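Report on the following structure.
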Amino acid sequence: MKKELDKAYDPKQFEDRIYRMWREKGCFHAEVDPQKEPYTIVIPPPNITGQLHMGHALDNTLQDILIRYRRMQGYSALWVPGVDHASIATEAKIVEAMKEEGLTKEDVGREGFLSRAWEWKEKYGTRITDQLKKMGSSLDWDRERFTMDEGCSEAVKEVFVRLYNEGLIYRGERIINWCPHCKTSISDAEVEYEEQAGHFWHLRYPLSDGSGSVELATTRPETMLGDTAVAVNPDDGRYRHLVGKMLRLPLTDREIPIVADSYVDMEFGTGVVKITPAHDPNDFEVGLRHHLPVINIMTEDAHMNGLCGVYTGLDRYEARKRIVADLDAQGYLVRVEDHTHNVGTCYRCGSVVEPRVSKQWFVKMEPLAKPAIDCVRNGDVKFIPERFDKVYFNWMENIRDWCISRQLWWGHRIPAYYCDACGEMTVSKDAVTACPKCGAPVHQDEDTLDTWFSSALWPFSTLGWPEKTPEFDYFYPTSTLVTGYDIIFFWVARMIFSGLKYTGKPPFHTVFIHGIVRDEQGRKMSKSLGNGIDPLEVIDRYGADALRFMLATGNSPGNDMRYSEEKVKSSRNFANKLWNACRFIMMNLSDEITEASLPDVLTVEDKWVLSRFNDVVKEMTENLDKFELGIALSKIYDFIWDVYCDWYIELSKPRMQAGGETAENAQKVLLYVMQGMLKLLHPFMPFITEEIWQVLPTGGQDTIMLADWPVYDDGLCFAQEAADFEKVISAIRGIRNRRAEMNVPPSKKAKVYIETREPQLFGQMGAFFERLAGASAIETAASYSFESAVTVVTDAARIFIPLDDLIDKDKERARLVKEQAAVQRDIEAVSKKLSNEGFLAKAPQNVVEQEKEKLSRHQERLAKIEESLKAL
RNA sequence: GGGGGCAUGGCUCAGUUGGUUAGAGCGCUCGCUUCACAUGCGAGAGGUCGAUGGUUCGAGUCCAUCUGUCCCUACCA
């Protein structure tokens with residue numbers, strides 16, 4: 001009993017069912033298999049707080065294309081799934097949720113908070129992975145990981161202790177970026193700068209000895225309460241005599257010195273800078289050089305602290321207003337200018353970051369960066385597109401130490417323990433209960449690690465490291481990392497130096513970078529703009545395959561793209577086209593045919609389509625190997641639509657009607673090419689290709705996922721026949737063109753006379769001319785002479801259609817003259833090239849040959865046109 | 001301040017190491033309810049590939065400068 005397909009493509013009918021089938025068959029699972037080459041991708045773990053957005057959809061589509069392609073090629077292709085605990089984002093959500101209940105972190109305590117966090121993880125951690133399944137992602141769910149699961153936690157502790165013992169992790173009092181809303185330190189990479197309109201307040205600080213004052217400018221007047229010096233450039237003649245003198249700091253009873261430091265730019269402002277070591281990274285450095293006191297004047301939520309006298313308790317911006325007003329009242333404010341400057345904000349919550357001196361843990365970067373730079377420079381790790389290695393080098397070469405401690409509870413707790421009695425610090429993988437020095441009780445560091453600390457280990461922690469697992473041996477280093485350019489710093493760079501440091505190998509060979517998906521107007525999709533498109537809604541309306549096709553098509557590595565519903569629609573239309581091509585086959589397929597095999601005798605058009613298919617196989621494979629996914633996709637798209645549907649299927653129709661062996665042979669070729677096309681398309685549109693595969697007779701291959709990727713077949717290379725058939729195609733096109741031009745109704749048939757040197761070729765094509773070119777019949781000969789006929793000239797033929805009543809000799813002549821001129825122009829251009837000695841001498845032989853062939857083709861055509869003109 | 005992307009028909013974009021007549025989708029025009037598909041078929045119009053200069057036998061493609069635009073990065077108070 002032949003299976004039937006619905007008339008229209010409706011992905012909802014089968015996508016979920018197909019995905020379930022794949023899982024039940026274990027198609028996604030990859031095993032260590034010494035017989036096969038491994039191919040590995042680890043997913044960029046989405047946050048447990050996250051929901052699938054277009055960025056995920058793109059990222060996962062690209063990964064799935066690569067992994068499905070390699071799986072079909074026979075690799076043991078592993079795509080490791082997992083999610084990230086996203087310490088700061090998750091903690092913020094839970095704090096927010098507790099706020100609704102009127103609770104704070106402190107109310108519930110660390111234990112209580114963590115149990116809420118784990119509940120959250122259980123509840124929402126599967127949301128995003130379920131959404132990835134809707135995309136068709138062929139992730140090996142048996143190997144799903146979580147950055148805070150036992151194995152990953154083990155890896156984190158291992159790394160921390162090793163780096164600490166090597167002196168590459170240290171604890172110190174430094175100025176760090178502090179988010180007053182999240183109440184934690186954040187790393188440099190987590191600060192986003194945005195330009196804001198502000199002011200320049202020019203202040204006057206009086207000299208203690210009453211001999212005058214200095215004028216300086218600041219964008220943050222409220223920090224003056226923490227000033228511990230004023231600096232000038234040592235070479236600045238204007239102020240040299242003042243260096244070493246003391247100033248009376250307005251609004252306080254403190255005196256601060258004038259120091260000389262080359263950090264000060266003489267050209268900028270007044271050349272005098274107030275120094276606030278506790279609240280500015282540069283000032284902190286100046287302070288270190290001059291042994292200045294560090295006076296922290298703010299609380300952790302950016303209010304003025306107890307050192308601020310009447311300003312105590314005020315928010316920093318409120319304090320700014322009051323301080324400026326008071327300075328003004330007391331005559332210390334000289335003037336105010338408008339000034340725009342870059343303000344650092346927290347990448348999670350957007351609050352203005354407050355530089356703050358505090359005790360934190362750091363990773364010493366310089367020794368780690370060096371090998372990480374080398375491995376990209378020497379090609380062990382390749383960025384695609386290449387230009388991103390510059391971005392990478394730039395960051396790595398200017399990197400500063402990485403602040404890894406966070407004042408958060410959700411995350412990997414720092415494995416450092418402090419003695420309550422002697423203060424001794426112990427860093428250990430195993431829990432420490434008593435001080436190894438004095439035996440007194442200890443307490444563990446309260447802080448957790450930056451989320452990205454565990455993400456940096458992801459390519460190997462997920463494969464079992466630090467255990468020596470077979471998976472790690474086999475699948476590591478991974479093959480390709482697919483991610484957006486926006487997280488090169490956060491993640492890619494850190495994985496590279498981590499992989500090199502701990503495993504001795506870079507964690508992947510290739511970094512395949514993509515851009516971001518913008519909205520239809522080219523704006524970044526964002527929550528605040530509300531312009532985000534929900535991929536799940538798109539899937540619901542058009543199917544996952546259409547979404548995937550849209551994301552993969554016309555998308556070149558590293559470049560942004562725009563979402564457009566129109567593009568999704570055309571993708572869906574393409575799916576429908578393929579669907580109907582399959583319906584056509586099924587309607588005509590003989591029951592005798594149970595698998596794809598070619599007939600013993602192939603016609604010219606069979607050889608043409610097979611040859612074309614063979615070319616596509618070769619080209620697509622090369623494109624995919626070079627990560628040219630968009631190009632590969634457009635090739636199979638063109639083949640399916642233009643070659644297979646528009647031509648080959650149409651050509652098969654008269655053969656079907658002829659019945660018998662003629663029909664059966666056509667069916668065999670149709671089926672053979674269809675199955676090949678489905679395989680080539682499968683990585684891009686897995687659902688529809690599988691659904692069709694299930695309907696076609698495949699000789700027992702029960703899933704296309706595990707079918708072999710087609711390889712170029714020398715036996716199917718029919719260059720001569722393919723070229724011959726192209727001549728037929730251009731003849732048919734020429735006739736259609738002329739008929740359309742002359743408004744000949746399709747119903748009006750006419751006999752077609754083909755003057756050609758290849759009568760045997762054209763002679764056997766009668767049925768095609770009848771079906772596709774409105775011919776009532778055809779006739780071929782070496783020469784014809786018609787007084788009055790529509791003439792079509794192609795490279796290989798001169799075609800006459802006696803449509804007497806429609807002929808207008810003048811028009812016909814005018815058209816031929818126009819064509820003649822065009823061909824003459826072509827001949828001129830080619831002749832010019834061929835008479836250029838430089839060209840003949842230096843161009844490759846095959847290019848010269850091509851030009852010569854072109855010339856003779858044009859000349860032949862010209863002769864035919866001229867002949868027709870004469871006849872008129 | 002440094003670095004990079006983009007600029008190709010009305011719109012959105014491809015164009016793989018420089019080599020036929022620069023492609024696609026959408027839109028537009030004309031003609032088609034042709035027995036897989038109107039989510040379709042056939043035909044067509046529309047581009048001096050941002051500007052200038054250079055390298056080359058040959059440039060949308062490589063180099064330089066410029067213009068416009070977007071982004072990344074940086075401690076100028």
Side-chain angles (χ1 to χ4, degrees), chain A residues 5 7-9 193 200 216-220 231 263-265 267-276 280-285 339 341-342 355 385 387-388 390-391 393-395 398 485-486 488-489 515 520 522 524 542 553-556 558-562 564 566-567 569-588 619 622-623 626 628 630-632 634 637-638 645-646 649-650 653 657 733 736-741 743-747 771-772 774 822 825-826 829-830 833 836-844 846-848 850-851 853-854 857:
Chain A
L5 293 178
K7 187 169 179 199
Y9 163 70
Y193 287 88
F200 238 155
L216 51 82
T218 178
T219 54
R220 301 199 53 198
Y263 152 70
V264 180
D265 180 354
E267 311 294 316
F268 191 81
T270 59
V272 183
V273 184
K274 66 192 259 322
I275 302 297
T276 322
D280 182 282
N282 296 308
D283 294 6
F284 183 77
E285 297 295 324
H339 180 68
H341 57 145
N342 273 339
R387 63 171 188 271
F388 286 102
K390 272 187 206 141
V391 177
F393 289 140
N394 192 279
W395 191 73
N398 298 300
Y485 59 68
D486 47 336
I488 293 178
F489 303 138
E520 306 214 21
K524 210 165 169 172
Y542 299 101
T553 195
N555 180 7
S556 54
N559 289 346
D560 291 351
M561 63 182 304
R562 283 184 206 213
S564 131
E566 288 309 312
K567 280 194 261 180
K569 270 188 196 163
S570 359
S571 306
R572 187 271 321 267
N573 292 354
F574 171 63
N576 185 61
K577 185 78 183 172
L578 178 65
W579 183 263
N580 276 288
C582 174
R583 282 185 66 223
F584 173 79
I585 293 186
M586 291 313 292
M587 282 174 182
N588 290 287
E619 290 172 25
E622 285 169 5
N623 290 139
K626 289 191 279 183
E628 294 162 356
I631 296 173
S634 77
Y637 173 93
D638 289 344
C645 292
D646 286 350
I649 284 185
E650 293 308 320
K653 286 177 181 173
Q657 280 169 352
R733 283 214 172 109
R736 283 172 171 174
N737 178 335
R738 295 272 19 232
R739 288 178 59 109
E741 231 173 69
N743 290 319
V744 181
S747 55
R771 180 161 196 105
L772 305 175
R825 271 198 305 278
D826 289 343
V830 180
K833 246 187 190 179
N836 182 336
E837 280 177 37
F839 176 74
L840 292 173
K842 293 186 182 171
N846 64 320
V847 175
V848 177
Q850 269 175 30
E851 292 299 315
E853 275 169 38
K854 209 197 296 178
R857 266 206 321 270

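Remember, it's a predicted structure, so these values are computed and weren't measured experimentally. First the proteins, then the strands, lettered A, B, ... as listed; each starts at 1.
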Protein-nucleotide distance (A:E741, atom CD; B:G44, atom P), rounded to Å: 8 Å
Range-with-range stems of RNA chain B (Watson-Crick or G-U pairs under 3.5 Å, three or more in a row): B:1-7 with B:67-73, B:10-13 with B:23-26, B:28-32 with B:40-44, B:50-54 with B:62-66
Euclidean distance, A:R572 CZ relative to A:N576 CG, rounded to 0.5 Å: 7.0 Å
Just the atom pairs and distances: protein N or O near nucleotides 45-47 of chain B's N or O, under 3.5 Å.
none

Whole-Å gap separating P (B:G19) and CD (A:Q850): 11 Å
Could you write out each protein N or O paired with an N or O of nucleotides 12-14 of chain B at a distance under 3.5 Å?
unit_1	atom_1	unit_2	atom_2	d
B:U12	O3'	A:R562	NE	3.2
B:C13	OP1	A:R562	NE	3.2
B:C13	O2'	A:G554	O	3.4
B:A14	OP1	A:S556	OG	3.2
B:A14	O5'	A:G554	O	3.4

Side chain of A:Y637 (C-beta onward), nearest among B:G44, B:G25, B:C57: B:G25
Side chain proximity check, A:T218 to A:F200, heavy atoms < 4.5 angstrom: no
Euclidean distance for C1', B:C30 against B:A22 (whole angstrom): 25 Å
Rounded distance (Å) that lies between atom C1' of B:C71 and atom CZ of A:F388: 10 Å
Spacing of CG belonging to A:N555 relative to CD1 belonging to A:I631, to within rounding of 0.5 Å: 11.0 Å
Nearest heavy-atom neighbours spanning A:E267 and A:D265: N-OD1, 2.9 Å
Nearest atoms (heavy-atom pairs only) where A:R220 meets A:K274: O-NZ, 4.1 Å
Nearest-Å distance once atom P is located in both B:C63 and B:U55: 15 Å
Letter per nucleotide, 5' to 3', of nucleotides 28-41 of chain B [B base touched, S only sugar-phosphate touched, - untouched; heavy atoms, 4.0 Å]: --------BBSBSS
Contact letters for nucleotides 58-63 of chain B, in which S counts primed atoms plus P, OP1 and OP2 and B counts the base, heavy atoms under 4.0 Å: ------
Contact summary for A:L840 and A:V848, nearest pair of heavy atoms: CD2-CG1, 3.8 Å
Rounded distance in Å between the P positions of B:C13 and B:A59: 28 Å
Pairing residues for A:S556 by the side chain to side chain contact (heavy atoms under 4.5 Å, CB included) criterion, not counting sequence neighbours: A:N559
Closest approach of A:E520 to A:R562 (non-hydrogen atoms, all atoms of both residues): O-NH1, 3.3 Å
Atom pair OG1 (A:T276) and CG (A:N282), whose distance is rounded to the nearest 0.5 Å: 11.0 Å
Minimum heavy-atom distance between A:R387 and A:G558, given as atom pair plus value: NH2-O, 3.2 Å
Whole-angstrom distance between B:U29 and B:U34, as gauged at atom C1': 22 Å
Partner set under side chain to side chain contact (heavy atoms under 4.5 Å, CB included) for A:A575, not counting sequence neighbours: A:Y9, A:M685, A:I688
Sugar-phosphate, base or nothing in reach of A:K390, heavy atoms under 4.0 Å: sugar-phosphate
Nearest listed nucleotide, side chain of A:S570, among B:C57, B:U20, B:G25: B:G25
Donor-acceptor pair, side chain of A:N398 and main chain of A:N394, under 3.5 angstrom: yes
Test ring-ring contact (aromatic ring centres under 6.0 Å, His included) applied to A:H341 - qualifying residues, sequence neighbours left out: A:H339
Minimum heavy-atom distance between A:K833 and A:F839, given as atom pair plus value: O-CD2, 3.4 Å
Atom pair SG (A:C582) and NZ (A:K577), whose distance is rounded to the nearest 0.5 Å: 13.5 Å
Separation of A:R739 CZ from A:R736 CZ (nearest 0.5 Å): 10.5 Å
d(CZ, A:R736; C1', B:G42) in whole Å: 6 Å
From CG (A:D283) to CD1 (A:I275), nearest 0.5 Å: 4.0 Å
Integer-rounded Å distance: B:G2 C1' and A:N398 CG: 10 Å
Residue met sooner reading RNA chain B from 5', once A:K854 and A:R387 are mapped to nucleotides: A:R387
Set of residues satisfying side chain to side chain contact (heavy atoms under 4.5 Å, CB included) with respect to A:K854, sequence neighbours excluded: A:V830, A:E851, A:R857, A:H858
Sugar-phosphate only, base, or nothing, as touched by A:R825 at under 4.0 Å among non-hydrogen atoms: nothing
Distance in angstrom units between A:E566 CD and B:G27 P, rounded: 7 Å
Set of ring-ring contact (aromatic ring centres under 6.0 Å, His included) partners for A:Y637, sequence neighbours left out: A:F549, A:F574, A:W641
Nearest-angstrom distance, C1' atom, B:C11 to B:C28: 12 Å
Set of side chain to side chain contact (heavy atoms under 4.5 Å, CB included) partners for A:V391, sequence neighbours left out: A:F388, A:F489
Per-nucleotide protein contact string for nucleotides 72-77 of chain B, where B marks a base within reach and S marks sugar-phosphate only (heavy atoms under 4.0 Å, - for neither): -SBBBB
